[in-house]
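Notes for the one structure printed next.
Order of appearance sets the numbers: ligands from 1, and atoms from 1 within every ligand.
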Amino acid sequence: MRKKEKTDFESVIGVEVHVQLSTKSKLFCSCSTRFGAPPNSQTCPVCLGMPGALPKLNKQAVDYALRLAWAVNGKVHRHSQMARKNYFYPDLPKGYQISQADLPICTEGELEIEVQGKQKKIRIQRIHLEEDAGKSVHNEDYVRDSETLIDLNRCGVPLVEIVTEPDFANGDEVAVFLTAVRQLVRYLQISEAHMEQGSLRCDANISVRLKDDLSLGTRTELKNLNSIRHVGKALNFERERQIQVLNSGGVVFQETRLWDEKNNQTRVMRNKELAHDYRYFPEPDLPPLRVELKHLYEIIHTQPELPRERRKRFIKEYKLEPPMAAQLTESATLANYFESTVQNDANASLSAYWILGELTALMHEQNLSIDEVPVSSKALSELLKLISDEAVSAKGAKTILRHMWDTKHSAAKLLDKLNLRQESDEQEITALTGRILKKYAPQVKAYQEGKVNLLGFFVGQVMQASGGRANPRLVHQIIKQELDHV
Ligand code: ADP
Ligand code: ZN
Ligand code: MG
């Protein structure tokens with residue numbers, strides 16, 4: 001076979017995303033799901049798999065799954081079935097995981113992502129409910145080098161698994177998709193979706209093929225991708241590796257590979273297990289899951305506003321530029337902050353400008369998220385009103401915002417305390433202007449003889465004489481008036 005160029009190949013990728021649902025209790029028992037509790041403190045006979053303990057399905061988890069199904073335009077199955085997925089692992093005390101197999105709660109959804117300015121639809125094959133397994137602990141101080149300990153707090157925590165069709169062409173598209181999923185589930189208030197804490201996890205399946213091939217190549221499955229950046233890196237590495245294998249006459253094995261963050265490579269973990277290895281069968285301890293039509297309507301009616309809807313509404317209702325609306329709706333908390341600023345009577349475009357500008361800059365500087373910002377939306381709106389009323393210059397307002405951040409004093413109080421009230425009294429400014437023009441009589445003459453760019457000089461002098469507090473718009477206007485009348 002002729003050696004092919006790298007560009008003769010294309011990669012095909014599909015992902016399985018696990019989203020931890022933020023219910024208070026576990027999927028089949030009333031144990032708490034709180035993150036960070038002492039090991040094995042949140043367990044009971046059900047989630048420990050004691051003989052005779054019976055699971056009971058958490059309704060809230062089902063409702064969350066339905067919310068997601070509806071948001072991705074999926075086909076909601078009002079009749080689904082929990083199933084046992086059998087395998088052995090130390091963090092799985094029952095010896096099986098309760099999941100859904102051939103009757104998942106949702107199939108055929110889609111989620112639109114933006115790739116290089118273009119919209120692309122990613123098809124969602126299925127969404128199903130399942131319980132999480134426990135955790136093997138190696139890296140804590142209380143674990144000796146040769147030991148692995150087991151923490152079963154996570155055992156039985158509810159998850160939804162989102163399985164996409166192989167619709168991605170590269171790791172970057174997957175990264176955009178994961179960002180969109182994270183945004184969506186946070187908007188829907190069904191998950192915290194923190195990749196670092198494991199409440200959003202992604203396994204990626206990738207194969208390569210020659211561009212004119214019709215069938216898919218053999219895929220590998222990548223695990224241990226614990227940040228969105230790693231997902232992109234791991235997929236790009238794996239794509240190159242598979243092309244090299246094929247180009248040197250080898251074959252790609254269907255296997256599960258781990259992303260090795262230290263060495264920037266993927267390595268074999270195990271041969272890929274096939275569905276029949278799990279001996280799926282319907283969970284005999286749970287009845288089929290039925291969703292009443294009436295209940296589904298309730299879910300639909302109480303569905304929170306979706307990111308794309310909110311973005312559109314911001315453009316229409318607040319007359320924002322689309323990129324600004326997109327930035328403001330990146331998270332529901334940021335969007336809420338903006339809307340509550342506007343509801344406190346601040347001008348909408350001024351609010352958008354300040355929140356995305358100065359406020360965001362301060363947040364980055366201090367590494368805070370929007371819900372940690374010490375200036376409330378109400379306090380910010382008061383500052384913005386001072387700007388609209390020309391009581392303070394933009395520069396002065398920036399100084400005030402920094403002080404508000406540190407002292408929590410009101411904008412009005414700081415305006416006086418820092419002596420930043422803008423001079424907007426026309427008589428005062430006219431008097432000041434008169435003095436300056438007198439002082440610079442030769443320049444005034446030059447101006448009138450045609451050196452009109454001296455205007456800036458005069459404005460600067462008046463501003464300086466006012467200690468920077470004169471209203472620049474008025475200064476400009478009054479100087480022009482005076483010069484034309486001298
Ligand atoms: P499994 O039996 O391992 O669960 P699935 O058919 O459910 O396999 O697919 C799992 C994921 O792998 C899906 O996201 C799917 O899009 C993706 N996938 C399947 N075949 C390929 C392939 N040849 N190349 C890339 N991705 C694939
Ligand atoms: Zn329990
Ligand atoms: Mg599968």
Original post:
Listing residue and atom name, which protein N/O/S atoms are closer to the Zn ion (ligand 2) than 2.8 Å?
Top reply: C29 SG, C31 SG, C44 SG, C47 SG
Subject >> Side-chain ion pair, E255 and R257, N-O less than 4.0 Å >> reply: yes
**OP:** Ignoring angles and geometry beyond distance, decide whether G217 reaches within less than 3.5 Å of ligand 1 through its nitrogen or oxygen atoms.
**Re:** yes
Original post:
Which residue pairs satisfy the salt bridge (charged side-chain N to carboxylate O under 4.0 Å, His left out) criterion with at least one member in residues 50-62, sequence neighbours excluded?
Top reply: K59-D63
Original post:
Does the ring of Y278 carry K85 above it, NZ/CZ under 6.0 angstrom from centre and within 45° of its axis?
Top reply: yes
Original post:
Would one find an N or O of T218, backbone or side chain, under 3.5 Å from an N or O of ligand 1?
Top reply: no
**OP:** Check each heavy atom of V15 against ligand 1 and say whether those closer than 4.0 Å belong to the side chain, the backbone, both or neither.
**Re:** backbone
Original post:
At a non-hydrogen distance cut-off of under 4.0 Å, which region of E221 contacts ligand 1 (side chain, backbone, both, or neither)?
Top reply: neither
**OP:** Would you mind checking if K135 and D151 are paired as a salt bridge, meaning a charged N to carboxylate O distance below 4.0 Å?
**Re:** no
Original post:
Given that the side chain starts at C-beta and the backbone is N, CA, C, O, which of these parts of N205 lies under 4.0 Å from ligand 1, counting heavy atoms, or is it both or neither?
Top reply: both
Original post:
Which of the atoms of ligand 1 are close to E165, meaning less than 4.0 Å from one of its heavy atoms?
Top reply: 16 (O)
**OP:** Answer yes if the ring centres of F177 and F168 are under 6.0 angstrom apart, and no otherwise.
**Re:** yes
Original post:
Can you list the atoms of ligand 1 that are under 4.0 Å from a heavy atom of P166?
Top reply: 16 (O), 26 (N)
Original post:
Counting heavy atoms only, which of T164, D167, V163 comes nearest to atom 15 (C) of ligand 1?
Top reply: T164
Original post:
Going by atom types alone, do Q254 and T220 pair a side-chain donor with an acceptor below 3.5 Å?
Top reply: no
Original post:
Taking the six-membered ring of F281, is the NZ or CZ of R84 close enough (under 6.0 Å from the centre) and on axis enough (within 45°)?
Top reply: no
**OP:** For side chain to side chain contact (heavy atoms under 4.5 Å, CB included), just list the numbers for K94 and I98, CA-CA rounded to whole Å, side-chain angles, deciding distance to a tenth of an Å, and then say yes or no.
**Re:** CA-CA 9 Å; K94 288 202 295 283; I98 304 180; 4.1 Å; yes
**OP:** Return a yes/no value for L216: is any of its N or O atoms, backbone included, closer than 3.5 angstrom to an N or O of ligand 1?
**Re:** no
Subject >> Aromatic ring pairing F338/F314, orientation class (parallel under 30°, perpendicular over 60°, tilted between) >> reply: tilted
Subject >> Minimum non-hydrogen distance to atom 2 (O) of ligand 1, winning option of E161, R219, R209 >> reply: R219
Subject >> Steps toward side chain to side chain contact (heavy atoms under 4.5 Å, CB included) verdict (S191, Y64) >> reply: CA-CA 9 Å; S191 175; Y64 283 176; over 6 Å; no
**OP:** Enumerate the atoms of ligand 1 whose separation from the nearest heavy atom of E16 is less than 4.0 angstrom.
**Re:** 4 (O), 10 (C)
Subject >> Side-chain donor-acceptor pair present, S207, N205, cut-off under 3.5 Å >> reply: no
Original post:
Does a side chain donor of either E240 or Q244 reach within less than 3.5 Å of an acceptor in the other side chain?
Top reply: no
**OP:** Using a strict 4.0 Å cut-off to heavy atoms of V12, name the atoms of ligand 1 that fall inside it.
**Re:** 24 (N), 25 (C)
